[in-house]
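Structure record follows, encoded as structure tokens.
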Amino acid sequence: QLQLVESGGALVQPGGSLRLSCAASGRTLQYYNLAWFRQAPGKEREGVSCLGSYGGSAYSDSVKGRFRVSRDIDKGTLTLQMNSLKPEDTAVYYCAANWNPGSPRCTLFPPRYDVWGQGTQVTVSS
């Protein structure tokens with residue numbers, strides 16, 4: 001059974017950078033579509049970035065050009081590098097996975113993912 005644990009959330013000033021990590025255990029990440037989601041208070045969970053098991057990636061318009069998703073199969077980690085952070089990036093960030101071997105595409109639709117981490121808080125404020 002795959003389990004995910006996020007880390008790296010913190011308080012950061014606008015314009016700063018942060019790297020989130022998602023550590024996997026129980027299964028290799030090689031055959032999973034992976035994604036980062038976030039949820040701000042009073043708002044719905046929204047997709048941030050995803051990575052297909054075969055390597056294709058996608059980003060929401062709000063983070064495109066600022067965030068970068070990557071994975072290390074050997075280490076069993078999914079990473080989200082966040083640059084040029086804005087106050088509106090403040091949210092709890094979650095990583096998620098869905099078994100999908102050989103998939104070149106991924107989705108930012110939350111119901112498509114069935115394994116979730118517990119979340120890590122990111123606060124962007126001066």
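We're numbering straight along the sequence, starting at 1.
- Paired with V63 under the rule side chain to side chain contact (heavy atoms under 4.5 Å, CB included), one option of V48, L85, V69, L80 passes, and it is V48.
- Taken from CZ in R66 to CG in N83, the straight-line distance is 9.0 Å, to the nearest 0.5 Å.
- When atom types are taken as modelled, the side chain of D72 and the backbone of K75 share a donor-acceptor pair closer than 3.5 angstrom.
- The side-chain heavy atoms of D89 and R38, taken from C-beta on, include a pair separated by under 4.5 Å.
- Centroid-to-centroid, the aromatic rings of Y31 and W99 come within less than 6.0 Å.
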If you apply the rule side-chain hydrogen bond (donor to acceptor under 3.5 Å, both in side chains), what do you find for Q81 with R19, and how did you get there?
CA-CA 4 Å; Q81 178 66 43; R19 174 176 287 188; 2.9 Å; yes
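- Pairing each heavy atom of A35 with each of L78, the nearest pair is O-CD2, 4.0 Å.
- The main-chain N or O of N100 is never found under 3.5 Å from a side-chain atom of S103 such that the two would form a donor-acceptor pair.
- With a 6.0 Å radius and a threshold of 12 heavy atoms from other residues, nucleotides or ligands, E44 has its CD atom at or below the threshold.
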Just distance, no hydrogens or angles: give the donor-acceptor pairs under 3.5 Å from side chains in residues 3-14, sequence neighbours left out.
from: E6; atom 1: OE1; to: Q118; atom 2: N; distance (Å): 2.9
from: E6; atom 1: OE1; to: G119; atom 2: N; distance (Å): 2.8
from: E6; atom 1: OE2; to: C95; atom 2: N; distance (Å): 2.8
from: E6; atom 1: OE2; to: G119; atom 2: N; distance (Å): 3.3

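- Of all heavy-atom pairs between N98 and R112, the closest is CG-O, 3.1 Å.
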Verdict with supporting geometry, V122 and T90, side chain to side chain contact (heavy atoms under 4.5 Å, CB included):
CA-CA 5 Å; V122 173; T90 296; 5.9 Å; no
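- Formation of a donor-acceptor pair under 3.5 Å by the S84 side chain with backbone atoms of G15 is not found in this model.
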Side chain to side chain contact (heavy atoms under 4.5 Å, CB included) assessment of M82 paired with Y93:
CA-CA 12 Å; M82 306 187 295; Y93 283 71; 3.9 Å; yes
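- Minimum heavy-atom separation, L2 to A97: CD2-CB, 3.6 Å.
- In terms of modelled atom types and a separation under 3.5 Å, the side chain of S53 and the main chain of G102 share a donor-acceptor contact.
- Residue S49 comes nearest to Y59 through the heavy atom pair OG-CE2, 3.2 Å, listed as atom of the first residue, atom of the second, then distance.
- At most 12 heavy atoms of other shown residues, nucleotides or ligands fall within 6.0 angstrom of atom OH in Y54.
- Considering every non-hydrogen atom in both P110 and F37, the closest pair reads CG-CE2, 3.5 Å.
- Atoms OG1 and CG, from T120 and L20 in turn, are 6.0 Å apart once rounded to the nearest 0.5 Å.
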Pair S125-T123, side-chain hydrogen bond (donor to acceptor under 3.5 Å, both in side chains): steps then yes or no:
CA-CA 6 Å; S125 175; T123 302; over 6 Å; no
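- Side-chain atoms of Y32 do not come within 3.5 Å of backbone N or O of A96 as any donor-acceptor pair.
- Two residues are said to be in side-chain contact when any heavy atoms from C-beta on lie closer than 4.5 Å; C106 and Y113 meet this criterion.
- A ring-centre distance under 6.0 Å is not found for W36 and F67.
- For the residue pair K86 and V124, the shortest heavy atom distance occurs at O-CB, 3.2 Å.
- Between the side chain of R68 and the backbone N or O of K64, no donor-acceptor pair lies under 3.5 Å.
- A cation-pi arrangement is present between R45 and Y94 under the rule of less than 6.0 angstrom and at most 45 degrees off the ring axis.
- Note that the SG atom of C50 and the CG atom of N33 stand 7.0 Å from one another [nearest 0.5 Å].
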